[in-house]
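Each ligand, and each atom within it, is numbered from 1 in the order the structure gives. This structure is a prediction, so every number in the text was calculated from the model and none was measured.
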Amino acid sequence: MNNKKLLVLAGDGIGPECVQQALRVVDWFGRNRSLAFDIEEDLVGGAAYDVHGTSLADTTMQKAVDADAILFGSVGGPKWDGVPRDLRPENGLLRLRKRLDLFANLRPATVFPALAEASSLKTELVSGLDIMIIRELTGGVYFGEPKEITTLPDGSKRAVDSQIYTTREIARTARVAFDLARQRGNKVCSVEKSNVMETGVLWREVVSEIHRDEYPDINLSHMLADACAMQLLRAPKQFEIIVTDNLFGDMLSDEAAMLTGSIGMLPSASLGAPDAQGRRPALYEPCHGSAPDIAGQGIANPLAEILSFAMLLRYSFDLVGEAVLIETAVERVLDAGLRTGDIMQPGKTKVSTGAMGDAVLAQLDALAA
Ligand code: NAD
């Protein structure tokens with residue numbers, strides 16, 4: 001493989017600590033699998049604000065545009081609470097999503113068998129759970145105009161958010177779900193509120209058309225978002241892939257995350273549209289934030305970041321075997337009883353961020369032997 005360009009944006013709080021462990025895994029593939037990346041590291045979030053007065057410098061944005069994939073840590077923290085909204089750490093990530101048009105957010109909710117007991121649901125309901133939630137990320141009610149609060153003649157106020165979707169926005173998100181279903185379970189559940197929302201009616205119509213015309217081999221079902229919220233708690237293993245809009249995806253992916261028992265274990269991918277050469281902008285990051293309460297103590301769980309690199313290999317470079325290798329190494333580390341504080345259970349061995357990284361590398365060595 002030619003060297004691929006990887007932009008690493010570690011960010012704030014526990015971001016750099018977790019990214020450091022993921023980069024050891026990147027390095028392992030370079031040494032053991034001749035899988036070399038041209039790695040550039042740069043600042044984002046509060047770390048960038050402290051140096052450049054903005055959460056994402058223009059030069060960094062250009063590197064992001066030029067990169068084959070971005071490995072992201074996390075941004076934000078109380079240090080920057082007083083910073084104006086458009087310069088805030090989180091804004092750097094929002095600008096990246098917008099500029100690269102990262103419209104499809106993939107969030108797996110996977111329960112490693114060794115952690116099934118950490119879920120708030122009964123073990124048998126979640127053990128072996130492996131759902132993928134695909135959330136439309138750049139449209140819908142978070143971005144629709146008008147979006148405003150106005151003062152009425154009587155002095156009271158009126159707030160408006162506009163939920164807007166076009167055929168194109170729905171179709172491209174549906175295609176991501178159907179393409180993925182061909183590699184994974186062959187089953188998609190499309191979720192909206194077509195009983196009370198016009199955007200829901202269009203969502204269902206467009207998903208159905210794309211399915212009929214392009215993916216008739218996939219098993220497609222439709223579900224109302226409120227019913228899906230219930231079914232995720234009642235019988236989560238009925239789902240393989242859920243595809244939904246920005247607002248419902250926000251809620252449902254957080255709900256699914258809680259089924260797994262730990263935010264420190266969950267990776268994610270945000271994908272854009274492929275260009276004429278098939279090159280697709282993509283950003284990979286853990287679902288957790290910068291965890292300022294534990295930053296700098298060497299106790300953060302680096303597995304979500306390491307698993308984000310596995311997603312990067314799988315979705316940006318089609319290196320499925322390599323991704324599975326990382327996922328298997330993580331599973332074995334957990335089976336061996338090693339835990340960071342966030343996933344600690346009675347009778348297990350509590351380890352630091354670095355020791356968790358050591359253990360993943362040791363398992364990779366063992367698997368490769
Ligand atoms: P958080 O995910 O940072 O932390 C929530 C809780 O989970 C904390 O108690 C934290 O210690 C724990 N936790 C999270 N990740 C962990 C890990 N890898 N290992 C061990 N424990 C972990 O969410 P929050 O506290 O709501 O937000 C903190 C900051 O992060 C805020 O500034 C927020 O804006 C930002 N944030 C950033 C992103 C992002 O970069 N994409 C996402 C969410 C929140």
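- Taking a 4.5 Å side-chain heavy-atom cut-off between Ile, Leu, Val, Met, Phe, Trp and Tyr, the cluster of Val160 contains only that residue.
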message = One pair to check against salt bridge (charged side-chain N to carboxylate O under 4.0 Å, His left out): Asp275 and Arg280. What are the steps and the verdict?
response = CA-CA 6 Å; Asp275 64 15; Arg280 188 192 265 281; over 6 Å; no

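- In summary, the aromatic rings of Phe143 and Tyr165 are positioned with their centroids too far apart to meet the 6.0 Å limit.
- Atoms CD and CG, on Glu136 and Asp245 in that order, are 7.5 Å from each other to the nearest 0.5 Å.
- Using a cut-off of 4.0 Å between Lys/Arg side-chain N and Asp/Glu carboxylate O, Glu305 and Arg24 are scored as not salt-bridged.
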Identify all N/O pairs between ligand 1 and the protein with a separation under 3.5 Å and present them as a table of atom names and distances.
residue	atom	partner	partner atom	Å
ligand 1	2 (O)	Gly289	N	2.7
ligand 1	3 (O)	Gly289	N	3.4
ligand 1	3 (O)	Ser290	N	3.2
ligand 1	3 (O)	Ala291	N	2.7
ligand 1	9 (O)	Asp293	OD2	2.9
ligand 1	11 (O)	Asp293	OD1	2.9
ligand 1	11 (O)	Asp293	OD2	3.0
ligand 1	18 (N)	His288	NE2	3.3
ligand 1	18 (N)	Asn301	O	3.0
ligand 1	19 (N)	Asn301	N	2.9
ligand 1	30 (O)	Ser290	N	3.1
ligand 1	30 (O)	Ser290	OG	3.1
ligand 1	32 (O)	Gly77	N	3.2
ligand 1	32 (O)	Glu90	OE2	3.3
ligand 1	34 (O)	Glu90	OE2	2.6
ligand 1	40 (O)	Val75	N	2.9
ligand 1	41 (N)	Glu285	OE1	3.1

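- Remark: Arg182 is not positioned above the aromatic ring of Tyr215, lacking an NZ or CZ atom under 6.0 angstrom from the ring centre and at most 45 degrees off the axis.
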